[in-house]
Amino acid sequence: EDPKSPSLSRAIRKALGTEFIMAGFIKFTYDTLQFVAPQLLKAIVGYLKDDVPKSDKGWWIVSLLCLNAACQTVLLHQYFHICFRTGMRIKAATAAIVFRKALVLDPAAMSENVEKVKSDKKKKMQHQETKDDGDDDNDEKDNKKDKKKKLNSRGAIVNLMSVDAQ
């Protein structure tokens, strides 16, 4: 990528990359602790197989097992919290970019873009109009013009762009 050209992904990486790295570290720690639990269970089984078990060792193993489960719960909660919060920030930033762009664009240019996107739908409507035989041809044409005006309004364009951003 050319560093001088604007890039949404590069901007998001720069703004929120450290949060994703932190979330990745937390998830890695959580996954590591998932491998610790079976080892602690193995130690408990080995402790119970002893002929003369020492009472202190058993309590320590059980305490570590409970601590491991508590740490896993806290880490997973923090991981999801960071990921959801970062996702909401990305969504808000994208919506802000879309609205800023909509304010900068010329309404005439936006109407041309909408017509390109809606061309297939209009062709289908025109094809259906040629098939229909009726007295309400003028009313349909007036309704079509009204719809075209509504599609070209700034609000309609911004709504379409925000839906695309989501």
Side-chain angles (χ1 to χ4, degrees), residues 1-107 109-122 124 147 150-166:
E1 290 183 6
D2 182 21
K4 293 182 181 181
S5 67
S7 170
L8 178 63
S9 62
R10 189 175 37 229
I12 289 172
R13 227 179 304 128
K14 188 173 183 180
L16 302 170
T18 56
E19 290 190 35
F20 270 125
I21 290 172
M22 179 59 82
F25 177 74
I26 290 172
K27 181 68 168 142
F28 176 76
T29 307
Y30 169 79
D31 291 342
T32 304
L33 288 178
Q34 280 189 315
F35 287 110
V36 171
Q39 298 302 320
L40 290 173
L41 287 174
K42 182 180 175 183
I44 288 174
V45 170
Y47 170 76
L48 293 174
K49 285 185 178 179
D50 286 344
D51 292 334
V52 184
K54 298 179 183 177
S55 63
D56 290 348
K57 185 179 178 183
W59 285 108
W60 281 108
I61 295 172
V62 170
S63 298
L64 286 174
L65 189 61
C66 290
L67 181 66
N68 184 40
C71 287
Q72 282 182 340
T73 302
V74 169
L75 289 172
L76 193 62
H77 174 352
Q78 288 301 312
Y79 167 73
F80 279 115
H81 178 72
I82 290 171
C83 286
F84 282 124
R85 187 180 62 203
T86 306
M88 287 187 290
R89 287 180 180 171
I90 290 171
K91 183 178 177 181
T94 306
I97 290 169
V98 166
F99 287 122
R100 187 178 306 145
K101 176 124 180 151
L103 292 174
V104 171
L105 286 176
D106 182 30
M110 290 191 300
S111 66
E112 289 174 10
N113 289 335
V114 168
E115 288 190 24
K116 287 178 185 176
V117 171
K118 300 291 182 177
S119 64
D120 291 335
K121 187 175 180 180
K122 288 180 183 180
K124 185 177 180 182
K147 286 181 184 179
K150 288 179 184 177
L151 285 175
N152 293 341
S153 71
R154 184 179 295 268
I157 303 298
V158 170
N159 286 339
L160 289 172
M161 291 171 67
S162 65
V163 167
D164 289 341
Q166 291 179 5

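In what follows, residues are counted from 1 in the order of the sequence shown.
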Across all chains, not counting sequence neighbours, the side chain to side chain contact (heavy atoms under 4.5 Å, CB included) partners of A37 are L65, N68
Residue pair I26 / M22, side-chain heavy-atom distance below 4.5 Å = yes
Sequence neighbours excluded, the answer for side chain to side chain donor-acceptor pair (under 3.5 Å) partners of D31 is K27
Taken in chain and number order and not counting sequence neighbours, the residues that satisfy side chain to side chain donor-acceptor pair (under 3.5 Å) with Q39 are none
Between T32 and the options F28, Y30, F35, the side chain to side chain contact (heavy atoms under 4.5 Å, CB included) test singles out F28
Those residues at least two apart in sequence (or on a different chain) that pass side chain to side chain contact (heavy atoms under 4.5 Å, CB included) with L67 are C71
Taken in chain and number order and not counting sequence neighbours, the residues that satisfy side chain to side chain contact (heavy atoms under 4.5 Å, CB included) with R85 are E19, H81, I82, R89
When rounded to the nearest 0.5 Å, the distance separating CD1 of I61 from NZ of K42 is 12.0 Å
For Y79, the side chain to side chain donor-acceptor pair (under 3.5 Å) test, sequence neighbours excluded, returns none
- Item | Min side-chain heavy-atom separation T94-I90 under 4.5 Å | yes
